Amino acid sequence: MRKLSDADLARLRERTRLVHAGRNPEEQFGFVNTPVYRGSTVLYPSVDKLLDRNARFTYGTKGTPTTEALETAWTQLCGAAGSVAVPSGLAAVTLVLTAYLSSGDHLLMTDSVYRPTRQFCDGVLKRMGIETTFYDPSVGRGIADLMRPNTKMVFTEAPGSQSFEMQDIPAIAEVAHAKGAIVAMDNTWATPLFFPPHERGVDVAIEAGTKYLGGHSDILLGLVSANARAWPALRETFEAFGMCPGPEDVFLALRGLRTLALRLKEAEHQALAMAEWLAARPEVQTVLHPALPTCPGHDIWKRDFLGASGLFSVILKPAPRRAVAAMLDGLQLFGLGFSWGGFESLIIPFDCSSYRTATQWNPGGPALRLQIGLEDLDDLKADLDAGFERLRREAAAAA
Ligand SMILES: *Cc1c(COP(=O)(O)O)cnc(C)c1O
């Protein structure tokens, strides 16, 4: 088997790249996968080599063959200039925010962002003298009116966390770039397979590898990819913070990468079928799934995205809290839990109304977020069907 060069890989199709990127069996005694390298110290053969600082690996925090394999593969997949792997999705977010912002700078942050990201802005960034303005995710080109001379970054996330607002990323990027700001995106939902961030104008893209890349609810990992403009500051800040991930998690993310396309395709198929089934239920008011033509933001999804993953939300018709709790507490197949992207189905109730500041969250009924796993759809529907029965019974008893 002849070795693939980076140029060879670049012209191959995505599924082939997922199989080959970041692998170099020749360097691993012929074994298919790069193993878990555990190490802090790297030994040098001579004082000259130690002092010239050109070694491929110099110290554990700066990278090992295991992290290099994942980062190389991720860079390939994203069409980026470079990427770094960090210990969690949240670490990826905080790395991005600290790599490009300094005291006195202004940040534009989507109001629909992952809540811990918002909390980092309101806490650490504020303390560091960085001001955040939260903006309506549907702002589009209107972002121009919010830009100030010191606006250094526009942060996007699409669809919005829990509430699934879409964002016109190319339009936002065009305006932000004209004013010299960096465009960041939390791309966890779509992954680069369903939204190629750098082709759409994003300078620096975040992926919580904890979700679909791991795919089995057993790792914590983050990835950040950057284009040529954004890469130097990202790499420098990553090294400055010593934000290196654990080698087992990196290995498991590499393993997950090989089957990512298959799992995402199945997640898309399962979730869309479930979303359609839910949309026809009498207990459901709205389904927030960007691939459904009835969902706000569907046009943007259709124009910019290449697929939809397995996470979406529904708004129920008004029902007492107790009735919703009875529905969820009795489910046998859906777990109650926050992370997602694994093989198993999950459901949580949510309410964004207490913390949104640029938009109002008032959907007119209880909101549920669902992650559809790999179980048989009919079994999942039967589980929810029994749940709706409990909801109706409790609601009738309360009336
Ligand atoms: C889960 C998630 C994160 C954080 O990932 P962790 O690895 O759990 O820290 C960040 N952004 C989004 C959109 C997420 O869903």
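Nothing here was measured: the structure is a model prediction, and the numbers come from that model. One-based numbering, in listed order, for ligands and for the atoms of each.
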Got a salt bridge between E131 and K126, using NZ or NE/NH1/NH2 to carboxylate O under 4.0 Å?
-> no

Check each heavy atom of D186 against ligand 1 and say whether those closer than 4.0 Å belong to the side chain, the backbone, both or neither.
-> side chain

Under 4.0 angstrom from ligand 1, any heavy atom of W340?
-> yes

Side-chain H-bond candidate by donor/acceptor type, T188 with E207, under 3.5 Å | no

Evaluate the ring planes of W189 and H289, with Trp represented by its six-membered ring, and classify them as parallel (under 30°), tilted (30 to 60°) or perpendicular (over 60°).
-> perpendicular

Presence of salt bridge, E389 and R281, under 4.0 angstrom | no

Identify the protein heavy atom lying closest to atom 7 (O) of ligand 1, giving its residue, its atom name and the separation to 0.1 Å.
-> T210 OG1, 2.5 Å

Rounded distance (nearest 0.5 Å) linking atom CE of M147 with atom CD1 of I172 | 10.5 Å

Interfacing atoms of ligand 1 (cut-off 4.0 Å, heavy-atom, S88) | 7 (O), 9 (O)

For atom 15 (O) of ligand 1, what is the nearest protein heavy atom, given as residue, atom name and distance?
-> K211 NZ, 2.6 Å

Closest protein heavy atom (residue, atom, distance) for atom 9 (O) of ligand 1 = L90 N, 2.9 Å

For E157, the atoms of ligand 1 under 4.0 Å from one of its heavy atoms are 13 (C)

Can any side-chain N or O of D111 pair as donor or acceptor with the backbone N or O of T359 at less than 3.5 Å?
-> yes

Could you tell me whether some N/O pair between A208 and ligand 1 is separated by less than 3.5 angstrom?
-> no

Give a yes/no verdict on a cation-pi contact between R118 and Y355, requiring under 6.0 Å between NZ or CZ and the six-membered ring centre and an angle within 45° of the axis.
-> no

Heavy-atom nearest neighbour in the protein, as seen from atom 6 (P) of ligand 1, with distance rounded to 0.1 Å = G89 N, 3.3 Å

